[in-house]
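Here is the structure we will look at.
The basis for the numbers below is simple: all heavy atoms, side chains too, and nothing from hydrogens, waters or symmetry mates. So you know, we letter chains A, B, ... as the sequences are listed, proteins then strands, and number each from 1. No experiment lies behind these values; they were computed from the predicted model shown.
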Protein chains: 2
Amino acid sequence: MEATLDLIGGQWKGVILFRLGEGTKRFNELQKLLKRVTPRSLTRQLRELENDGLIVRKVYAEVPPKVEYSLSDKGRTLGPVIGALIDWGNTHAL
Amino acid sequence: MEATLDLIGGQWKGVILFRLGEGTKRFNELQKLLKRVTPRSLTRQLRELENDGLIVRKVYAEVPPKVEYSLSDKGRTLGPVIGALIDWGNTHAL
DNA sequence: CGGCATCCTTTTTGATACTG
DNA sequence: CAGTATCAAAAAGGATGCCG
């Protein structure tokens, strides 16, 4: 369980995973959805999620650049966990 | 969900919650169960969990001192969440 | 036994500016 | 658009020692 928390415990990782659960998103879209995140932080969280194999980063060789992020198969297995977190939060939020 | 992660996202909080789910524990017992945690860190995590109303701290006015930690009613509602985290970790651990 | 105080090092985060 | 670079600041964590 410590391992699981390490994977989703980052400041923004939970929300990123949740948002990507809704569908593929571009860097810019994520940045708008996660108010108050700096590009630097967002980049780092995305890289960690990618290294952990939870999300997939797809780069299009275009101008202007286009990068899409989506859940990997492994990332999708987190669905129930994310769901449990959200349910509890909705029920017990201050 | 960010709120939920804040509550259980600390370095040791998940394990503490899990262990207290097994039953009431004393400070010393927790320290033994959580290898490598320093008293300072353990104290701080316990205080935060207490302030969040997830655990109960009971002090006995004895010599030597005795302090017991246990889950609060609110803390017990986290059971399914903890369970989901553990299940996922067991299934997908490296 | 169950801490708190102090000091120090490591890790994380933010703000701002700039680039392929 | 999707980042990187750099600096500064804050938060977290460990080590050690002392106390009621």
Using side chain to side chain contact (heavy atoms under 4.5 Å, CB included), reason through L54(A) and L71(A) one step at a time and then give a plain yes or no. CA-CA 6 Å; L54(A) 297 178; L71(A) 290 184; 6.0 Å; no
Applying side-chain hydrogen bond (donor to acceptor under 3.5 Å, both in side chains) to D73(B) and not counting sequence neighbours gives R76(B)
For residues 23-39 of chain A, which residue pairs pass the side-chain hydrogen bond (donor to acceptor under 3.5 Å, both in side chains) check, not counting sequence neighbours? T38(A)-S41(A)
Interatomic distance, E62(A) CD vs dG3(D) P [rounded to whole Å]: 14 Å
Among residues at least two apart in sequence or on other chains, which ones pass salt bridge (charged side-chain N to carboxylate O under 4.0 Å, His left out) with R44(A)? E48(A)
Does any part of the side chain of V81(B), heavy atoms only, come nearer than 4.5 Å to the side chain of L17(B), both counted from C-beta? no
What pairs of residues pass the salt bridge (Lys or Arg N to Asp or Glu O under 4.0 Å) test when at least one of them lies in residues 2-11 of chain B, not counting sequence neighbours? none
Does the S72(B) side chain pair with the main chain of V56(B), one donor and one acceptor, at a distance under 3.5 Å? no
Outermost contacting nts on DNA chain C, any atom under 4.0 Å from chain A heavy atoms, listed 5' then 3', are dT13(C) to dG20(C)
Evaluate the side-chain proximity of I16(B) to L33(B): yes if any heavy-atom separation is below 4.5 Å, no if none is. no
With sequence neighbours left out, what residues match W12(B) under side-chain hydrogen bond (donor to acceptor under 3.5 Å, both in side chains)? none
Which residue pairs satisfy the side-chain hydrogen bond (donor to acceptor under 3.5 Å, both in side chains) criterion with at least one member in residues 52-64 of chain A, sequence neighbours excluded? R57(A)-Y69(A), Y60(A)-E68(A)
For the residue pair L5(B) and V15(A), establish whether any side-chain heavy-atom pair is separated by less than 4.5 Å. no
DNA chain D contacts among residues 21-34 of chain A, heavy-atom distance under 4.0 Å: R26(A), F27(A), N28(A)
Find the bend of the helix from dC1(C)-dG20(D) to dG20(C)-dC1(D) as the angle between its two terminal axes (five pairs each), to the nearest 10°. 60°
Categorize Y60(A) for me: base, sugar-phosphate, or nothing, with a 4.0 angstrom heavy-atom threshold over every strand shown. nothing
Can you see which heavy atom on K13(B) is nearest to which on L7(B), and at what distance? CD-O, 3.1 Å
Is T4(A) close to I86(B) at the side-chain level, that is, under 4.5 Å between some pair of heavy atoms? no
Protein-proximity profile, nucleotides 13-20 of chain D, B/S/- by nucleotide at the 4.0 Å heavy-atom cutoff, equals BBB----B
